[in-house]
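Along the sequence shown, residues carry numbers from 1.
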Amino acid sequence: MSEPRLLTTFSDLDAGEQREIVSSLKAMQGPAQTPQERLAGGRAWLAGKETEAGRWVEVPGGPRVRVVDASQPRGVLLDIHGGGWCLGTALSDEQNLTRLSTELQLTTVSVDYRLAPEHPFPAGPDDCLTAARWVLENYPGPYFMRGASAGAHLAVATLVGLGGGFDRVVLFYGVYDLAGTPSRLRALDEAHPDLSPSSMEDYTRWFLGDRERRNPEVSPLYADLVNMPRALMLVGTQDILLDDTLFLASRWAAAGNEVELAVYPEAPHGFDGYPTAMARDAQRREAQFLG
């Protein structure tokens with residue numbers, strides 16, 4: 001009997017830490033901000049900073065990337081940062097990528113793609129696709145990819161654009177239907193201080209303008225997913241993007257690809273960045289999957 005294409009695991013760790021995280025986020029909410037104020041604050045929060053581990057490389061005809069070289073590389077990991085297509089830089093994940101590079105002996109490459117609203121679709125996706133092709137042409141495999149939130153969206157869009165080449169991908173709580181899945185459309189701002197529906201709408205509008213949101217070129221949930229790499233998808237049930245991951249995992253498997261789906265009860269968007277047992281478990285799963 002063949003192995004199942006879709007392996008789903010629900011974490012049985014105590015969800016109390018997740019409830020405390022969400023409660024503390026609600027308590028820290030200040031006065032309402034304008035979208036522009038949220039944009040400026042988010043960019044400062046996710047800017048990251050250079051470390052001695054990384055170096056900048058200019059991709060010919062494309063974006064610059066941040067490279068962390070493994071001492072004895074056994075492959076390369078392409079990272080696409082999150083931030084609603086509007087926030088973050090290639091430095092946002094540098095500490096985590098340095099840890100993964102050392103632990104797994106993978107050279108990591110993080111894409112400094114152009115951000116909306118200054119550079120709307122298709123600037124960011126084009127940069128990621130160019131960087132991925134550059135990695136395939138300039139590094140020996142195996143080839144791995146990772147992305148979180150909007151970075152997971154860009155990762156899947158990049159894989160669809162490539163049509164093959166990468167061996168495995170890790171996708172944290174991505175957005176794959178930009179028109180919105182039920183978990184997003186039914187959510188209330190006050191219940192989701194980690195990522196509110198109104199913030200998600202601002203990011204999407206800045207990224208897409210008035211484009212059709214369910215075009216397969218925009219929303220990878222509707223794309224042809226044949227010949228995708230083996231995937232690990234992780235999401236929490238407190239996330240407004242929960243259904244995006246649940247739906248994509250099913251379509252990924254139905255297209256003939258292998259996917260491991262890990263669901264974390266009551267975990268919010270970005271849960272792996274908090275000091276909780278579930279976050280540590282998610283990091284362990286990722287390292288094991290890429291190892």
Using the benzene-type ring in the case of Trp, are the ring centres of Phe247 and Tyr176 under 6.0 Å apart?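 Ring centroids of Phe247 and Tyr176 are no less than 6.0 Å from each other.
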
Below 6.0 angstrom between ring centroids: does that apply to His81 and Tyr113?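 Yes, the ring centres sit under 6.0 Å apart.
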
Do [X] and [Y] pair up side chain to side chain, a donor and an acceptor below 3.5 Å, judged on atom types alone?
X	Y	value
Asp281	Tyr264	yes
Glu266	Thr237	no
Ser101	Thr98	no
Ser110	Asp79	yes
Asp189	Ser198	yes
Gln95	Thr51	no
Arg38	Ser199	yes
Tyr222	Asn215	no

Let me see the working for Phe144 and Val170 under side-chain contact (heavy atoms from CB on, under 4.5 Å), right down to the final yes or no. CA-CA 8 Å; Phe144 306 103; Val170 179; over 6 Å; no

Determine yes or no for a side-chain-to-main-chain donor-acceptor pair under 3.5 angstrom, with [X] supplying the side chain and [Y] the backbone.
X	Y	result
Ser196	His192	no
Asp127	Arg114	yes
Ser24	Glu20	yes
Gln238	Ala191	yes
Asp272	Ala282	no
Arg205	Met200	no
Arg168	Leu232	no
Ser149	Gly151	no
Ser219	Arg213	yes

[X] to [Y] - nearest heavy-atom pair and separation:
X	Y	value
Pro220	Leu225	O-CD2, 3.9 Å
Pro193	Leu25	CG-CB, 3.6 Å
Leu242	Ser183	N-OG, 3.5 Å
Val169	Pro229	CG1-CG, 4.0 Å
Val76	Leu106	N-CD2, 4.1 Å
Leu46	Gly83	CD1-CA, 4.1 Å

Co-membership, hydrophobic cluster, residues [X] and [Y], 4.5 Å side-chain:
X	Y	answer
Leu162	Val259	yes
Phe271	Phe10	yes
Leu104	Tyr143	yes
Val22	Ile240	no
Leu100	Val68	no

Acceptor/donor pairs from residues 152-160 side chains to any protein atom, 3.5 angstrom cut, sequence neighbours excluded:
residue, atom, partner, partner atom, Å
His153, ND1, Trp85, NE1, 3.2
His153, NE2, Val218, O, 2.8
Thr158, OG1, Leu154, O, 2.7

Tell me, do [X] and [Y] make a side-chain contact under 4.5 Å, heavy atoms counted?
X	Y	value
Gln18	Met278	yes
Leu195	Tyr173	no
His269	Leu241	yes

Less than 6.0 angstrom from the centroid, inside 45 degrees of the normal: does Arg146 satisfy that with respect to the ring of Phe172?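 The answer is no, since Arg146 fails at least one limit relative to Phe172.
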
Check this for me: does any side-chain nitrogen of one of [X] and [Y] sit under 4.0 Å from a carboxylate oxygen of the other?
X	Y	value
Arg55	Glu50	no
Lys49	Glu94	no
Arg43	Glu118	yes
Arg214	Asp177	yes

Testing Glu258, Arg5, Met233 for side-chain contact (heavy atoms from CB on, under 4.5 Å) with Trp252, which one passes?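 When side-chain contact (heavy atoms from CB on, under 4.5 Å) is applied between Trp252 and each of Glu258, Arg5, Met233, only Met233 qualifies.
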
Partners passing ring pair (Phe, Tyr, Trp, His ring centres under 6.0 Å) against Tyr139 (at least two apart in sequence or in another chain):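 Partners of Tyr139 by the ring pair (Phe, Tyr, Trp, His ring centres under 6.0 Å) criterion, ordered by chain and then number, come out as Trp134.
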
Please round to the nearest 0.5 Å and tell me the distance separating atom CZ of Arg284 and atom CD of Gln288.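 So the CZ of Arg284 and the CD of Gln288 are separated by 5.5 Å.
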
